[in-house]
Participant: 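After the structure tokens below, expect a handful of questions from me.
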Amino acid sequence: MPSGIRKAQLNRHEESVRDYITSSKLDHRRYDCYFNLGLIYGFVIVKDSLAIVYLEMALEEKPESQEAKDILDDILRRNISI
């Protein structure tokens, strides 16, 4: 299991973020890294601006991802209603 996932499961989210960013820079499963960063920022750390950035990057890697599109739409709607 990748380090970022293990750390997220242990509620070590800031460490998990660092691991995902490092992994994405190494071109290792970039979509998964960006998607997971979007989830962490969107629902755990709750920094929607970063969640949006990373989910958009995930969609650049895998434009057909309906899951990433749906989560991005949810976060965007959440920000419109504020």
Side-chain angles (χ1 to χ4, degrees):
M1 178 181 305
S3 173
I5 293 171
R6 279 194 305 273
K7 289 177 182 171
Q9 290 172 336
L10 295 170
N11 292 324
R12 294 166 48 194
H13 302 294
E14 294 294 338
E15 292 175 49
S16 178
V17 164
R18 282 191 297 272
D19 286 355
Y20 282 125
I21 290 171
T22 298
S23 185
S24 71
K25 289 178 181 176
L26 298 172
D27 287 334
H28 181 72
R29 297 172 58 171
R30 286 176 124 182
Y31 168 81
D32 293 330
C33 293
Y34 295 149
F35 180 78
N36 288 325
L37 285 163
L39 291 178
I40 291 170
Y41 279 119
F43 300 105
V44 179
I45 298 174
V46 191
K47 289 186 179 177
D48 286 348
S49 60
L50 288 173
I52 292 165
V53 167
Y54 282 112
L55 288 167
E56 287 176 342
M57 291 171 73
L59 286 167
E60 286 177 16
E61 295 293 320
K62 189 176 175 184
E64 71 278 6
S65 173
Q66 191 60 49
E67 186 175 25
K69 290 176 188 176
D70 291 344
I71 293 169
L72 178 59
D73 286 344
D74 288 344
I75 292 170
L76 290 170
R77 272 196 302 274
R78 177 168 74 196
N79 281 277
I80 290 172
S81 65
I82 293 176

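Throughout, residue positions are numbered sequentially from 1 according to the sequence presented.
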Participant: Rounded to the nearest 0.5 Å, how far does CG of Asp48 lie from CZ of Phe43?
Facilitator: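 Separation between the atoms: 8.0 Å.
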Participant: Answer whether the closest heavy-atom distance between the side chains of Ile45 and Leu50 falls below 4.5 Å.
Facilitator: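 No - every pair of side-chain heavy atoms lies 4.5 Å or more apart.
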Participant: Spell out, as yes or no, whether a donor-acceptor pair under 3.5 Å connects the side chain of Lys69 to the backbone of Glu64.
Facilitator: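 Not at all, since once roles are kept as given, no pair shorter than 3.5 Å links the two residues.
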Participant: Test of understanding: clusters of I, L, V, M, F, W, Y form through side-chain heavy atoms closer than 4.5 Å, transitively. Do Leu39 and Leu76 belong to the same one?
Facilitator: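 Yes; Leu76 is reachable from Leu39 via cluster members.
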Participant: Inspect the surroundings of NZ in Lys47 and state if more than 12 heavy atoms from other residues, nucleotides or ligands are less than 6.0 Å away.
Facilitator: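 At most 12 heavy atoms, drawn from other residues, nucleotides or ligands, come within 6.0 Å of this atom.
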Participant: How far apart are the closest heavy atoms of Ala51 and Gly38, and which atoms are they?
Facilitator: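 Reported closest heavy-atom pair: CB-O, 3.5 Å.
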Participant: Are the side chains of Tyr41 and Leu55 in contact, using a 4.5 Å heavy-atom criterion?
Facilitator: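 No, too far: nothing below the 4.5 Å cut-off.
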Participant: Which value, rounded to the nearest 0.5 Å, describes the distance between Met57 atom CE and Ile52 atom CD1?
Facilitator: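 Output value for this atom pair is 14.0 Å.
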Participant: Working to the nearest 0.5 Å, report the span between CG of Leu72 and CZ of Arg77.
Facilitator: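 The CG atom of Leu72 sits 10.0 Å away from the CZ atom of Arg77.
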Participant: Nearest 0.5 Å please: distance from the OG atom of Ser24 over to the CG atom of Asp32.
Facilitator: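 Between atom OG of Ser24 and atom CG of Asp32 there are 11.5 Å.
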Participant: Is a side-chain N or O of Arg78 found less than 3.5 angstrom from the main chain of Gly42, in a donor-acceptor match?
Facilitator: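 Looks like yes, one N/O pair under 3.5 Å.
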Participant: Between Asp19 and Ile21, is any pair of side-chain heavy atoms under 4.5 Å apart?
Facilitator: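 Counting from C-beta outward, Asp19 and Ile21 never come under 4.5 Å.
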Participant: If you round to the nearest 0.5 Å, how far is NZ of Lys25 from CZ of Arg30?
Facilitator: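 Answer for the CZ-NZ pair, Arg30 versus Lys25, is 11.0 Å.
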Participant: Just how far is it from atom CG of Leu59 to atom CZ of Phe35, taken to the nearest 0.5 Å?
Facilitator: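 If we round to the nearest 0.5 Å, Leu59:CG and Phe35:CZ are 9.5 Å apart.
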Participant: Do the non-hydrogen side-chain atoms of Asn36 and Tyr54 ever get within less than 4.5 Å of each other?
Facilitator: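 Result no, sub-4.5 Å side-chain heavy-atom pair not found.
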